[in-house]
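I have placed the structure first, in the form of structure tokens, so that the comments after it can refer back to it.
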Amino acid sequence: VKLFERGSRRIRLTDAGRVLYSRVESILGMVDGTVREITEIGTGAKGSIRIGTITTSGAMILPDLISEFHDKYPNITFEIWEAEGARILELLDSHIIEIAITRTQVDNLAYELLVLPNEPLVMVMNKNFEIGKDKSVVELAALKNTPLIIPLRWKSIFESNCRKVGFEPDIFCVSDSVVQCMLMVKMNLGVAMIPMSSRKLLTDGDLIYKQIIEPEMKTHTVVSWLKNQTLSTACTHFIEMFKKMYIKEK
């Protein structure tokens with residue numbers, strides 16, 4: 001195919017030449033963009049991070065962490081799945097997510113783990129239904145004959161501790177949703193047990209929080225990923241930032 005027409009003073013493209021020129025320009029642009037995109041993904045500057053989390057831990061960790069991470073890696077996007085702990089680990093095992101954030105006991109033979117320091121469990125109560133005179137703590141025994149709202153994951157240990165101090169707890173509701181527990185407290189339906197960090201989920205002047213004592217009860221957050229899975233570079237950067245923000249060097 002003839003691409004050029006040679007004149008006395010210049011060379012002119014034929015119609016076929018103009019078509020080829022536009023296509024080559026587009027192809028070279030695609031090649032350049034593809035190389036750049038692959039390079040960015042390889043260095044962790046671009047891509048997507050798939051995270052599964054339970055409500056309480058996600059609310060405590062993710063907003064600040066993602067904000068900090070986005071400032072450094074603005075082209076990385078996120079997919080966030082929210083469910084109870086066992087379901088999150090199922091998603092991790094199925095490779096639907098890369099990182100799991102739970103409060104569930106996790107097998108360290110199957111997963112790489114990062115464990116946050118313990119945090120207290122507290123009783124949240126309506127200010128019109130306050131239990132105990134101390135403003136910051138409440139003895140477990142003081143909850144006798146009180147309608148209680150308890151997250152499912154802590155129901156067994158809570159009942160066991162209540163029996164140890166001499167009473168059978170009056171559990172009005174068992175729920176996997178800490179937000180629902182807090183809303184029921186707001187409606188004065190009972191007193192709920194939640195992790196201390198969950199206070200930020202519902203800012204309300206009608207609610208007060210008291211740490212459980214005698215015995216004290218605690219929980220912790222676990223970040224995990226599969227041992228036999230190679231993480232994307234973006235995920236590796238995310239975990240490194242998590243360590244920097246939440247894991248203190250020993």
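A salt bridge links Arg163 with Glu168: the distance from a Lys NZ or Arg NE/NH1/NH2 to an Asp or Glu carboxylate oxygen falls below 4.0 Å. Ion pairing between Glu159 and Lys155 holds under the 4.0 Å rule for side-chain N and carboxylate O. Between Glu90 and Arg87 there is a salt bridge, since at least one side-chain N of the basic residue sits less than 4.0 Å from a carboxylate O of the acidic one.
Residues Leu231 and Phe78 are members of one and the same hydrophobic cluster, defined by side-chain heavy-atom contacts under 4.5 angstrom among Ile, Leu, Val, Met, Phe, Trp and Tyr. With hydrophobic clusters built from ILVMFWY side chains whose heavy atoms lie under 4.5 angstrom apart, Ile76 shares a cluster with Ile99.
When all heavy atoms of Val174 and Ile171 are compared, the closest pair comes out as CG2-CG2, 3.7 Å.
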Inset, instruction - Could you please spell out the steps behind the side chain to side chain contact (heavy atoms under 4.5 Å, CB included) verdict for His220 and Asn118? - result: CA-CA 5 Å; His220 60 262; Asn118 287 340; 3.4 Å; yes
Inset, instruction - Start with the C-alpha gap between Glu84 and Arg153, add the side-chain angles, then the distance that decides, and say whether salt bridge (Lys or Arg N to Asp or Glu O under 4.0 Å) holds. - result: CA-CA 9 Å; Glu84 50 85 25; Arg153 69 178 67 90; over 6 Å; no
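Between Met217 atom CE and Met193 atom CE the span is 4.5 Å, to the nearest 0.5 Å.
Between the Gln211 side chain and the Pro120 main chain, no donor and acceptor come within less than 3.5 Å of each other. The main-chain N or O of Asp206 is never found under 3.5 Å from a side-chain atom of Lys186 such that the two would form a donor-acceptor pair.
Here the rule is ring pair (Phe, Tyr, Trp, His ring centres under 6.0 Å) with Phe238, and of Tyr246, Trp225, Phe69 only Phe69 fits it.
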